[in-house]
Amino acid sequence: MRMPKKARTRLTTSVLAGSASLLFSAAALAQDCEVKVGMAGPLTGGASAWGLAMKTSMEFVAAKHNEAGGLPVGGKKCKVNVVTVDAQCSAAGGAAASNYLASQNVKILIGPVCSPETTGFQPLSNRHKQIFFNSSYKADAIGPDWPYGFHMHQGPKVFGPIIIKAGKDRFKFNTAVVMGPNDQGGTDSGNQSAAIYREIGVKTEVEWYQRGTTNFGPIAARIMAQNPDIVELAAMPPPDVTNLVRQLTQAGYNGLYGGMGGIGMEPVVQGAGGVEKIKGYFWLELMPVEDPGALKVREDYQRIMKSAPTTNAMLYTSTFAAENILRAVSLAGTDSDVDKLADVLRKTAPESEYFGKGCWRGKAQYGINQEFAFPVGMGVIQDGKRIGVERVNLPCES
Amino acid sequence: MAPDRHRDFWLDLWGMALLLPLLAMPLLFKDPFILSLTYQFAIGVAASLSVYVMLRMGLLSFTVPAFMAVGGYAAAMLAKSGVTEIMALMLASFVLPMIFAVPLGLLVLKLKGLYFIFITFIFNEILQLIIFETPKLTGGSDGVVGVPAATFLGADLGVPWRQVFATVAVCLIASVIAFAASHRYRAEFTSIEENETLAESLGVAVWKYRMIGYIVSAGVAGLAGLALVNMLGTAHPSSFASWSVNNYIAYVFVGGRGTVLGVVVGSYLLIYMTNVFNAYAHLSAGLFGLLLIAVMMAAPGGVVGTAVKLFGGFRADKGDAPRPAPAGGAA
Amino acid sequence: MSILSIESLFVRYGGITALNGVSVEVRQGETVLLIGSNGAGKSSLINAVTGLVSTSGGRILFEGRDLAGIPSAARSRLGIGYSPEGRRVFRSLTVRENVLSSTLGLSRAAAEENFAWACSIFPLLAERAGQPANQLSGGEQQIVALARAVSTLPKLLLLDEPFLGLAPVWIDRISDAIRELQRRGTTILMTEQMARPALKLVDRAYVMRGGEVRRSGDVAEIREEALAEEYL
Amino acid sequence: MVTFVSAGVIGLSMGAQYALIAIGFTLIFGILGVVNFAHGGFYVLGGYLAFTLSHVLGVPFVAAIVLATIATAAIGYVVEIVLVEKYVVDHLATMLITLGFYQILITAIVVFYGAEPMDFSFPITGSLRSGGIFVPYSNLIVFVVCGAAIAAVYWLVYRTRYGIALRAMADDGPVARSQGIPPATMFPMAFAIATGLAGLTGALVTPMLALDPHVGEGVLLKAFVVVILGGMGSIPGAMLAAFIVGLTEAYASVYLGGSKGALVLFVLVLVILLVRPQGIFGTEARKA
Amino acid sequence: MSAAVSTLRVERASKRFGGLKVFEDVSFSVPAGGVMGVIGPNGAGKTTLINVMCGMLTPTAGRILLDGNDITGRPFHAVSRAGVVRSFQQTNTFRSVSVEENLYRALKFNRLADGESLRMDDLLDEFGLTRHLAEPSDKLPYGHQKMLGLIMTLAARPRFLLLDEPAAGLERRERSNIDRFVDHARKVLGCGVLVVEHDMDLVKRICPHILVLESGRTLAEGPPGDVLARRDVIDAYLGTSAA
């Protein structure tokens, strides 16, 4: 959990960093070798927790290389610069972000995050030839239409059946309510989860609420009236999860929770008021967060960035994506020849200093093999006890 | 003659003239950032002119995103159904919002001040919810995606520079309509704003002009919606979010609420700064807020309004002409 | 001794010269009347003293102190009570609240004591204490406005058109109330168009017209025929 | 039946919270004529201050809430003097200025605390139960505190001379000044009371709901809805409308779902306003 | 265009606001080309009477007839178009714009092609406004603003003018401008004029016929010489008291 101890220093540093980068970008940085990578995502507004987690992860990996003297590119060691842009969680913002990064000659980036952003970004990525690693749960997050689009983690369609099946085996549930906000970010993920629950024979209702709902009391009462065995929370942003679980707990809800989309453990535990209050929760971790590699990420982050890493689950996947982006630049010997970069990416299996090797997948679902296939984690809380996060291997397709 | 009327006309004309270079931008530049700014400018100006038209009568309308959505979705659905001719799209996205404006206008135009603001704001919220609740018609929260590029007399406008050009052209037409209407009815509009009772005593049918203004404002917003949809290839609810109207209103006020030039300058300034700020990640919103406060405190009449006040001779306080009664005054 | 002396005061707004070098004197303990028809500048003068309109020339001395630059609220606290033209009671407040509204500068005990005192002069206040002021008749509202103005025990009471729009029976009642205040030693500067009832209440009068003082003097010197001439 | 009663209980609890937020909002409007776009921001600020005090500095929860309330009030006081006072005659300028301030405030919170939701929880958990009907203790406490705060505001506004002065100010500013009511102190005080109420609500409610930098927007929207429904500037109107909105939202959400429930609420508000444009307790449409 | 026996008639009109009655059962008529004065102490209901006649307010009872046609309840602007035009007590110009723009607007709002020249220029010259055409109207001396507002009413080609305290705020020497304005309106447009006024000299000068309102009732009616000498009228102004 983040404490505001160093808040003042952080404010000062970010203001300084802001003004410094203003100066530098103006002076066009006359250094002999520089690599530019980008980040686009929601940096302001309600979804900014995700965007900011991605941003800091990208900056962390870049700083790590810079600390080691630079990223080796074609025999030289290059300074890594991260260009970030706020895509504002809207389609127009996504499009503007693509244009902005193109004008900054950024050809490879991490993001966008929100489904609307991705909707706006995708068509322009073709035009500007930008490799982007998006993390949306859009049904067509990647696809043959956007050859430079990569997906930095799998969607519910991939891990969902495995984890929900495992969950069902463990907890035996027959009725489910899938919750989500009534915008694209919510419905994309919610509908996919609902489909999977239905596929394995669980009677499933979908409940949409208005984005910006401040009090989930009434919705909790509605769920209580439906009396499901399990409430699936994956489509909700973390504060909403906490809010809903709190209301459900108080309403005397005694059922299970599912977290099929990377919300992690904290929001549910926060909401329930402690692990011991939860009858059963199984959730997806986009990375196996209890592997030693994950702990190492946090350690290194703290050391290099001089601040605590975010609690957001996106930290690990973003770090993984950032590592692979820089690795591809290094291998391809360029940060601007997009086709060469894409080629390198497709041909080499993804690999991480922290998490080891992965592979590519996506052909069957999206028609294009550009999604990281990497073991995910399945976390379980049962009868008030944290059972742990176990590694779940996902099939490669390459 | 009347120097003030003419000066305002010239200021408005200068505003329109400042829009023309936007047409040249796609021909001259390839830099995507410049092109991106170009179409954002064009759409921003058209949307804020929709606010401006109503503001000429002293009404601050928050319905702009809703009308933009009506126009944008109309165009998207039409294009999806195979009609991609931009003239037809423009007709649809101009006329349909105007038709919507008639019953809405009958409902709200008797209101004034904050009640008008709040009710028009509620329209936006309702529209967002209606879009969500009608997935068959509007694509719900996913919006209408894969909208084919518009054509002009059979020529494909999908090529990037043409797309920007077409967007700018649509917005320019919208701006000309707003400009023309605000001039055709300038005397009536500004009289209603300044002294409604006197205007009425001289025979002005106030409700009629309010309705005309509202309808024109709706049509102009609809065209801006078309431009946005054409640019993104998507009619997406996030493009028409309620809070986006705050931006358009800020453009008008920061530039100067009295003239088209003010609207154009405000839009250019704030859209450019937003793009610059967006690179400052999570600080961007705060920087925008700082800019807003700085301008409102340093130049309460907006940039143009204040410049006119400083350099523009006798007709000083046009930019912020009729100040509302002081708080707690006889209400 | 002069409690209020106004020296060649000018007030201009919106192109109108409302006061054109007017001098008025009010001495401790007396009641002075400003009389004249609409637009004579009576209310402008009163409002210049309360600070609600700004002056563009001349001086206003209250107990020898120049009021220039002192905000309206502070003038009230110096001891200037004011009952505005048209009464302007706080419509959403009750009668009691109206009377207490001006007592912010006093201690609670003092405020309550003064309210009780006002009730003793105007029994109506006690009867209607809890009623919203907008439910009262014009005459009753005038009583409330008067009570509001005197509940701070001001050194000088400014009374702007207390009879405006009132029926004769109410004019008498308001007159009685003013007499009661006089008995208790209140110094009053009042304006009125209704010359006859007003003149019965005052020691001296200034006849105003077109922003200027046309004549002034003791009540005996102001003849009715002359007044009729000013009006009709 | 159980659901019906539960929804009612929840609706009342939400109504109390909305009332507290909306009273402040309407107070500022009624007295200064300012639409405070930063009102939701003060709610968020109250939450973060209470969180910092109680969870970081270890101040007892009750004291943390009191301190957070006082601090938001103090900040509101300063904001009025520095940003609002000079532009108070121009509704539109103050609208944009408070909007700008809101954005700065939220950005500062993101910089200090990050965008992640805080682990801020109410010290008391559990529910009062009876035959399937439940009332969470936290809700009960919030309801009681909100009720007490509303009563306190009511007392302040309707039973003290200070409150009389505030209402007199809202009723007829110039006459109020002439009766010795100084705007230079009343305006910032009114602003401080209002922002203090928002801060109190935030401090009290965010541990029960959720605390992240952006929860203020939904709150501001609710304040809008309540205040127009009740009549701009009317405190009793805001109280009544808050409960109408709370109950409507609760019942519509429970029986129709969250999304349709919101639609029902907005349409209801629209219909009421078309029948009674000045709001339930509004007297006349004030020009802006 | 003006009919031979054109009149503006108020028939048994009453107006109340809630429980408060402003005037009751007032009847009179203004003949074309005639000038009628309405006087009375403050609060007598004079301005409300004009508001009712011009369509800004609807009377609680009674009718307003223009040439025998009922115009009661017609919208304000429509009454103006029909030829019953009012002026305002306070400044009655568009303050932020120039004199010329004010006149331009007034004419633009009433594109009435027919009819002889309004000869507004004569009045502008006469009242010294010609050299101020380019100035914003709120920078003019009050007297000029007031006259400008009156001239603007002519643009509507009124057949009946309702003047609400035209002389209020004017300096003594400027008041004869009102006489000339009324004269002009009658000569050029054949206007009937109703004047609410406190300046009795002016009333005596221009009104052959006056009506005295007191507390919402007609107290007296007739030629000013007779009416103003009446005891009850003097009492109404100076007040009476039982004491």
Side-chain angles (χ1 to χ4, degrees), chain A residues 14-15 17-19 21-22 25 39-41 43-45 48 51-52 55-56 59 83-104 114-117 119-120 122-124 127-128 138-140 145 180-188 208 210-212, chain B residues 29-40 43-44 125 128-129 131-133 135 139-147 149 158-160 163-164 228-229 231-244 247 271 274-289:
Chain A
S14 32
V15 168
S19 29
S21 63
L22 181 67
S25 60
M39 181 274 151
L43 300 178
T44 51
S48 57
L52 291 172
K55 173 179 175 280
T56 51
E59 285 168 350
V83 180
T84 59
V85 59
D86 184 3
Q88 299 172 331
C89 214
S90 72
S98 170
N99 287 322
Y100 175 78
L101 291 172
S103 75
Q104 299 292 310
C114 298
S115 297
E117 283 173 356
T119 305
Q122 279 165 333
L124 289 181
R127 184 184 301 170
H128 298 323
K138 249 180 119 224
D140 52 355
D145 289 346
N182 63 354
D183 57 14
Q184 194 180 8
T187 55
D188 276 346
W208 306 125
Q210 202 204 4
R211 176 77 78 178
Chain B
F29 294 96
K30 291 266 175 296
D31 182 343
F33 182 57
I34 293 181
L35 294 183
S36 170
L37 273 180
T38 302
Y39 80 73
Q40 288 180 50
I43 294 167
E125 292 291 327
Q128 287 280 328
L129 289 163
I131 289 176
F132 174 75
E133 295 291 344
S141 56
D142 290 339
V144 182
V145 289
V147 178
V159 194
Q163 200 177 5
V164 175
L228 188 56
V229 166
M231 207 53 232
L232 298 177
T234 310
H236 200 277
S238 71
S239 304
F240 309 110
S242 304
W243 290 99
S244 64
N247 291 331
I271 291 171
T274 306
N275 276 273
V276 170
F277 292 156
N278 276 352
Y280 291 88
H282 54 299
L283 298 179
S284 63
L287 292 170
F288 189 82

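Please read these numbers as outputs of a predicted model, since none were measured by experiment. Order of the sequence lines fixes the chain letters, A, B, ..., with proteins taken first and strands second; residue numbering starts at 1 for each chain.
- At a 4.5 Å heavy-atom cutoff, A:S48 makes no contact with chain B through either its backbone or its side chain.
- For the pair B:P32 and A:A102, the tightest heavy-atom approach, listed with the atom from each and the gap, is CG-CB, 3.1 Å.
- Atom NE2 of A:H128 sits about 8.0 Å away from atom CG of B:L35, to the nearest 0.5 Å.
- Interface check for chain B: of the options A:D86, A:V83, A:T119, the most heavy-atom pairs under 4.5 Å are formed by A:D86.
- The candidate from A:L124, A:N182, A:D145, A:D188 with the greatest count of non-hydrogen atom pairs under 4.5 Å with chain B is A:N182.
- In terms of non-hydrogen atom pairs under 4.5 Å with chain A, the most contact-rich of B:F277, B:W243, B:F33 is B:F33.
- For B:D142, the parts sitting under 4.5 Å from any heavy atom of chain A are the backbone and the side chain alike.
- For A:E117, no part sits under 4.5 Å from any heavy atom of chain B, backbone or side chain.
- To the nearest 0.5 Å, the span separating OG1 on B:T234 from CD on A:Q184 amounts to 9.0 Å.
- Looking at A:Q122, neither its backbone nor its side chain comes within 4.5 Å of chain B, counting heavy atoms on both sides.
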Task: From CA spacing to verdict: side-chain contact (heavy atoms from CB on, under 4.5 Å), B:Y39, A:N99 - done: CA-CA 11 Å; B:Y39 80 73; A:N99 287 322; 3.6 Å; yes

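- For A:D183, the salt bridge (Lys or Arg N to Asp or Glu O under 4.0 Å) partners are A:R211, not counting sequence neighbours.
- Interface remark: B:T274 contributes side-chain atoms only to the contact with chain A (heavy atom separation under 4.5 Å).
- Proximity to chain A (any heavy atom under 4.5 Å) is shown, for B:L37, by neither the backbone nor the side chain.
- A:T187 and B:F132 make their closest contact through CG2-CE1, 3.6 Å (heavy atoms, listed as atom of the first residue, atom of the second, distance).
- At least one donor-acceptor pair closer than 3.5 Å links the side chain of B:S238 to the backbone N or O of A:A91.
- With a threshold of 4.5 angstrom between heavy atoms, A:C114 does not approach chain B through any atom at all.
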